Novice: 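Next up is a structure, given as structure tokens.
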There are 2 protein chains.
Amino acid sequence: MPDPVVVLIEDEPQIRRFLRVTLTGQGYRLFEATTGADGLVEVGSRQPDVVIVDLGLPDIDGIDVIRRLREWTAVPIIVLSARGQERDKVTALDAGADDYVSKPFGASELVARIRVALRHTAGASHEADDAAFKVGELRMDLLRRQVFVGDREVRLTPIEYKLLTTLVRHAGKVVTHQQLLREVWGPTHTDQAHYVRVYMAHLRHKLEAEPARPRYLLTEPGVGYRLAAD
Amino acid sequence: MPDPVVVLIEDEPQIRRFLRVTLTGQGYRLFEATTGADGLVEVGSRQPDVVIVDLGLPDIDGIDVIRRLREWTAVPIIVLSARGQERDKVTALDAGADDYVSKPFGASELVARIRVALRHTAGASHEADDAAFKVGELRMDLLRRQVFVGDREVRLTPIEYKLLTTLVRHAGKVVTHQQLLREVWGPTHTDQAHYVRVYMAHLRHKLEAEPARPRYLLTEPGVGYRLAAD
DNA sequence: GTAAATTTTTACGATTTTTTAACGGCCCGC
DNA sequence: GCGGGCCGTTAAAAAATCGTAAAAATTTAC
């Protein structure tokens with residue numbers, strides 16, 4: 001994961017400074033807002049992984065900030081508050097906050113709670129990428145890293161698989177030799193065009209019924225290759 | 001949603017009684033355990049929506065209970081503790097807990113935090129959250145930490161067990177060397193690829209009828225390994 | 001404190017994959 | 001028809017990866 005992005009909505013300069021040092025020091029990218037209105041805008045534009053919001057803001061009530069955020073985003077919200085009253089906690093949590101930390105709080109506790117929040121979103125997004133590709137008898141399960149022709153599984157070497165993946169990503173469109181070389185072998189091998197020829201032969205041999213008359217892995221003479229799409 | 005099921009692992013009778021009244025009164029179905037060992041079994045059999053665990057248990061350390069649970073389930077865990085030390089909180093949260101409530105706590109706050117936990121699982125899909133795994137002759141009881149081939153129990157060392165657990169968690173999918181190293185040996189050992197080779201040989205020797213021709217622990221050359229799934 | 005078990009290192013042969021090289025066919029301009 | 005790019009195929013040499021055993025270091029159990 002790249003550095004997690006955090007939006008902090010907090011009016012007290014001392015706490016902002018404290019969290020700025022703590023969080024940036026731990027590899028988080030921090031964006032700050034000092035009012036509820038600013039905070040809402042900031043969350044909208046930064047698309048953060050976590051939002052930390054203080055309840056005692058000068059303009060809008062912190063609870064309202066949470067409600068407004070929950071109208072359109074499921075980003076984890078951690079509430080920071082001087083009011084340690086139980087009623088406040090319940091109100092904030094029921095408004096849509098995921099956690100509530102009372103001031104004064106320790107840096108390591110807050111960071112641990114941020115890690116918990118990130119853990120939740122990490123799992124959630126992982127379900128959606130059930131990527132699969134299919135054309136004719138050829139089927140590819142990107143998640144399991146498996147390739148089938150009919151119901152026979154075909155084993156591919158790392159380079160073969162990467163090459164096929166690249167073609168799938170641009171399915172139906174022409175991919176030039178240059179592009180394939182750059183994406184599969186890396187930008188330092190863009191002059192070794194014969195690699196592609198050799199591996200395309202391997203793939204056809206493994207995937208095509210008649211390698212000499214390919215149905216899926218098509219040659220675009222003088223340009224590159226194209227993977228057939230429905 | 002039908003009434004949410006809660007497992008409470010707590011040895012103090014007063015707190016148990018207090019929560020029994022509170023939670024059953026609010027429509028939760030509560031199951032209680034007074035020791036860590038009991039608690040693990042209870043979670044395994046009741047498949048609860050939330051687990052509440054006290055850190056100061058008579059037998060196992062509460063932190064270990066969390067770790068043991070996290071070996072096979074993603075159920076939300078709320079920690080209850082008299083120790084309000086920041087170090088304890090961080091340890092518990094990093095061990096896999098989702099929330100930490102210090103005693104003394106209010107009923108409504110705890111219930112609000114349970115609601116937050118339930119909100120999280122509501123969105124997530126009910127994926128393989130089972131305490132058992134089986135493929136062919138190979139059977140694994142994650143709850144009891146036992147592994148069987150046929151009806152012969154096989155003893156595994158801690159690392160062997162963790163490696164197998166990791167493969168089980170991604171059963172059917174390829175797990176890269178990097179992933180295995182990170183999840184079993186920790187992120188600081190991701191360059192010692194030979195560890196995986198050595199231990200995969202150990203596991204095959206113990207679990208496969210023909211270690212040289214594995215049926216379950218499959219090699220994905222150049223990428224990693226895969227545990228066969230039905 | 002000693003013995004046993006487990007983990008970490010190391011080494012080497014076997015296997016798989018990648019790279020390199022060679023050859024033949026096809027299209028096209030000349 | 002002749003030669004020169006392109007492309008596909010095949011086979012080999014070279015490199016990387018994998019499986020295995022066994023020794024050394026460390027941890028755990030008694």
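Remember, predicted model here, so these are calculated numbers, not experimental data.
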Novice: Just checking B:Arg155: base, sugar-phosphate only, or nothing, at a heavy-atom cut-off of under 4.0 Å?
Specialist: sugar-phosphate
Novice: Work out how much the helix from C:dG1-D:dC30 to C:dC30-D:dG1 bends between its end axes, five pairs an end, to the nearest 10 degrees.
Specialist: 20°
Novice: Between B:Arg29 and B:Asp3, is there a salt bridge with N-O shorter than 4.0 Å?
Specialist: no
Novice: Does a side chain donor of either B:Glu86 or A:Ser108 reach within less than 3.5 Å of an acceptor in the other side chain?
Specialist: yes
Novice: Could you note down all residue pairs passing salt bridge (Lys or Arg N to Asp or Glu O under 4.0 Å) where residues 161-178 of chain A supplies at least one of them, sequence neighbours left out?
Specialist: A:Arg169-A:Glu183
Novice: Suppose the criterion is salt bridge (Lys or Arg N to Asp or Glu O under 4.0 Å): which pairs have a residue in residues 196-221 of chain B, not counting sequence neighbours?
Specialist: B:Glu160-B:Lys206, B:Glu220-B:Arg226
Novice: Considering only heavy atoms, which members of residues 157-167 of chain B lie under 4.0 Å from some atom of DNA chain C?
Specialist: B:Thr157, B:Pro158, B:Ile159
Novice: So where does chain B start and stop touching DNA chain C, 5' to 3', when the test is distance under 4.0 Å to a non-hydrogen atom?
Specialist: C:dT6 to C:dT17
Novice: Is there a side-chain contact between A:Arg197 and the phosphate of D:dT9, meaning an N or O under 4.0 Å from OP1 or OP2?
Specialist: no
Novice: Please say whether more than 12 non-hydrogen atoms of neighbouring residues, nucleotides or ligands are located less than 6.0 Å from CZ in B:Arg87.
Specialist: no
Novice: Rounded to whole Å, please give me the gap between CE in A:Met200 and C1' in D:dC6.
Specialist: 14 Å
Novice: What residues form a ring pair (Phe, Tyr, Trp, His ring centres under 6.0 Å) with B:His177, not counting sequence neighbours?
Specialist: B:Tyr225
Novice: Pairs under 3.5 angstrom only: tabulate donor-acceptor contacts from the side chains of residues 187-194 of chain A to other protein residues two or more places apart or in another chain.
Specialist:
residue	atom	partner	partner atom	Å
A:His189	ND1	A:Trp185	O	3.4
A:Gln192	NE2	A:Tyr195	OH	3.4

Novice: Tell me: CG of A:Leu180 to P of D:dC7, nearest whole Å?
Specialist: 12 Å
Novice: Do any side-chain atoms of residues 146-156 of chain A form donor-acceptor pairs under 3.5 angstrom with protein atoms, and if so which ones, sequence neighbours left out?
Specialist:
residue	atom	partner	partner atom	Å
A:Gln146	NE2	A:Glu153	OE1	3.4
A:Gln146	NE2	A:Glu153	OE2	3.4

Novice: Quick one, which residues of residues 207-228 of chain B touch DNA chain D with a heavy atom under 4.0 Å?
Specialist: B:Ala212, B:Thr219, B:Pro221, B:Gly222, B:Tyr225
Novice: When every nucleotide of nucleotides 22-30 of chain D is labelled 5' to 3' by its protein contacts under 4.0 Å (heavy atoms), B for base, S for sugar-phosphate only, - for none, what sequence of letters results?
Specialist: ---------
Novice: Can you sort out which residues in residues 182-195 of chain A have a heavy atom within less than 4.0 Å of DNA chain C? Ascending by number, please.
Specialist: A:Trp185, A:Gln192, A:Tyr195
Novice: When the side chains of residues 53-65 of chain B are checked against the rest of the protein, which donor-acceptor pairs come out under 3.5 Å, sequence neighbours left out?
Specialist:
residue	atom	partner	partner atom	Å
B:Asp54	OD1	B:Gly56	N	2.6
B:Asp54	OD2	B:Lys103	NZ	2.5
B:Asp59	OD1	B:Gly36	N	2.8
B:Asp59	OD2	B:Gly36	N	3.3
B:Asp59	OD2	B:Ala37	N	3.1
B:Asp64	OD1	B:Arg67	NH1	3.4

Novice: Can A:Arg139 be said to sit on top of A:Phe133's aromatic six-ring, NZ or CZ under 6.0 Å from centre and within 45° of the ring axis?
Specialist: no
